[in-house]
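Worksheet for the structure shown next.
So you know, we letter chains A, B, ... as the sequences are listed, proteins then strands, and number each from 1.
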2 protein chains.
Amino acid sequence: MATSSSPSSAAPSPSPRTDPLTLEVVELIGTVVARYYEEYEEAASEHSLTGAQARVLGLLSIEPMPMRRIAKKLKCEPSNITGIIDRLEARGLVERRPDPADRRVKLAAPTEEGVRVARGLRDSLNFAREPLAELSREERVSLRGLLRRMLGEGA
Amino acid sequence: MATSSSPSSAAPSPSPRTDPLTLEVVELIGTVVARYYEEYEEAASEHSLTGAQARVLGLLSIEPMPMRRIAKKLKCEPSNITGIIDRLEARGLVERRPDPADRRVKLAAPTEEGVRVARGLRDSLNFAREPLAELSREERVSLRGLLRRMLGEGA
DNA sequence: TATTGTTATACTCTATAACTATA
DNA sequence: TATAGTTATAGAGTATAACAATA
C-alpha cells in the first residue's frame with residue numbers, strides 16, 4: 001500500500017485488495033450491479049414475469065434449447081427448470097418440443113407471443129440502461145475497452 | 001429527440017437504443033453484473049449464508065439499524081426482514097437491541113462473530129472482484145470516472 | 001450403465017394482509 | 001390515528017434425492 005517502489009512503466013496495481021482507488025471502483029461497480037438488477041426485476045415485473053422467468057425466456061428467444069442446457073446457463077439445478085418452464089408454458093409463452101435426435105430430450109422454445117414478450121422485455125431493458133447516454137461516443141468506446149480488459153479474453 | 005442536429009462539441013449519442021456500440025457496452029455490463037452476482041452468492045455460500053442474509057449482515061456491519069430501515073435499503077417488505085434477522089440471530093451473528101428513544105423500534109446489530117463473518121465476506125468479495133487488477137492505475141482512474149458519469153451525481 | 005426430464009421434499013425469499021405494542 | 005415489528009399465508013426459486021423413459 002503506502003510507499004511501494006513500483007519499478008516498471010505503468011505499475012499494474014500496488015495491492016489490489018487495499019488500494020483505495022480499487023476499493024472505490026469496486027464500490028461503483030457494486031452500485032451499477034445493484035441498479036442494473038433492480039431495473040431488470042422491474043422490467044420483468046412489468047411483463048408479469050419473475051426475474052428467473054424473464055432470464056429463461058430471454059435465453060430461449062435467442063435459441064431454443066434442451067432443459068438441461070438452460071440449467072447450465074442459469075447455473076442452477078435442472079429440476080428447477082421444470083417448474084419455470086411449466087409456468088411459462090401455462091402462460092403460453094413457451095412450449096416443449098420433442099427432439100427428433102434424442103427422445104429423452106425436450107426442447108424449450110418460445111411461442112410467437114413469447115417472442116413478442118421477450119422483445120418487449122429487451123426493449124424496456126435497453127431503455128432502462130440508458131444511463132449510458134450520459135457518455136459521449138468516445139467515452140463509450142473507452143468504457144467498452146476497459147470492461148473487455150476486466151472480463152478477460154472471454155468477452 | 002430523434003434526428004437532433006447536435007450542435008455542441010462531442011455528440012452525446014446518435015440513438016442510444018439501437019447504436020451498436022451502446023448495445024455492445026450494455027452487453028458487457030450485463031456480463032459484469034452476472035459475474036459479480038455469481039461471485040457474491042458464492043462468497044455468501046462459503047460462509048453458509050444466503051445472498052439476502054449476506055447483504056443484511058454486510059449492511060449491519062457498517063452501522064446497526066432499525067429493521068424498517070433494512071427493508072428500505074434492500075427494497076423489500078419489512079415483514080421479510082423478520083425472518084432474515086431471525087435466522088442470522090439463530091446463528092449468533094446478529095442481535096436485536098431495544099432503541100432507548102422509541103420502544104417500538106428494534107435495532108439490529110452484528111455480534112462480534114457477526115462482525116468477523118462480515119469482514120471475511122468482504123475480503124472474499126474483494127478477492128473475487130480482482131479482475132480489476134488487470135487494469136493499470138490509469139485505467140482504473142479512467143473507469144472510475146466513466147462509472148461516476150454513468151451513475152450521475154448520486155455516486 | 002449413463003443421461004434427460006420429472007417428481008417429491010424442504011428451505012429461503014417474496015408480497016400481502018392482519019395483528020400487537022407502542023407513539 | 002399512525003408507526004414498528006410481527007405473524008400467517010401463499011407463490012416462487014433453490015438444492016437434494018429418487019424415479020421413469022431413453023440412450
Note to self: Could you work out, with side chain to side chain donor-acceptor pair (under 3.5 Å) as the rule, every residue matching B:Glu113, not counting sequence neighbours?
What the structure shows: B:Arg116
Checklist line | Residue-level proximity of residues 70-86 of chain B to DNA chain C when a heavy atom falls under 4.0 Å | finding: B:Cys76, B:Glu77, B:Ser79, B:Asn80, B:Ile84
Margin query: Restricting to side chain to side chain donor-acceptor pair (under 3.5 Å), what partner residues turn up for B:Tyr40, sequence neighbours left out?
Written below: none
Margin query: Which residues pass the side chain to side chain donor-acceptor pair (under 3.5 Å) test with A:Arg144, not counting sequence neighbours?
Written below: B:Glu24
Check: Quick one, which residues of residues 94-105 of chain B touch DNA chain C with a heavy atom under 4.0 Å?
Finding: B:Asp102, B:Arg103, B:Arg104
Next item on the list: Under the salt bridge (Lys or Arg N to Asp or Glu O under 4.0 Å) rule, collect the residues that match up with A:Asp102, sequence neighbours excluded.
Entry: A:Arg104
Notebook entry, point to check: How would you list, by chain and number, every residue that makes a side chain to side chain donor-acceptor pair (under 3.5 Å) with B:Arg119, sequence neighbours excluded?
Noted result: none
Next item on the list: State plainly whether the residues A:Glu95 and A:Arg97 are in salt-bridge range, i.e. N to O under 4.0 Å.
Entry: yes
Item checked: Residues within residues 37-56 of chain B bordering DNA chain C, heavy-atom distance below 4.0 Å -> B:Thr50, B:Ala52, B:Gln53
Checklist line | For A:Asp99, all residues meeting salt bridge (Lys or Arg N to Asp or Glu O under 4.0 Å), sequence neighbours excluded | finding: none
Checklist line | Whole-Å distance separating the CZ atom of B:Arg69 from the P atom of D:dT3 | finding: 17 Å
Note to self: If hydrophobic clusters are built from ILVMFWY residues whose side chains come within less than 4.5 Å, do B:Ile85 and B:Val115 share one?
What the structure shows: no
Check: Around atom CD of B:Glu27, are there more than 12 heavy atoms of other residues, nucleotides or ligands at under 6.0 Å?
Finding: no
Show me the side-chain donor-acceptor pairs of residues 42-59 of chain A shorter than 3.5 Å, one per line, residues at least two apart or across chains.
from    : atom 1 : to      : atom 2 : distance (Å)
A:Thr50 : OG1    : A:Gln53 : N      : 3.2
A:Gln53 : OE1    : A:Thr50 : N      : 3.3

Note to self: For chain B and DNA chain C, what are the first and last nucleotides along the strand, 5' to 3', with at least one atom under 4.0 angstrom from a heavy atom of the protein chain?
What the structure shows: C:dT12 to C:dA23
Checklist line | Shared hydrophobic cluster, A:Leu135 / B:Leu143 (ILVMFWY, side-chain heavy atoms < 4.5 Å) | finding: yes
Listed pairs under 3.5 Å, donor-acceptor, residues 74-84 of chain B side chains, sequence neighbours left out:
from    : atom 1 : to      : atom 2 : distance (Å)
B:Asn80 : ND2    : B:Glu77 : O      : 3.4

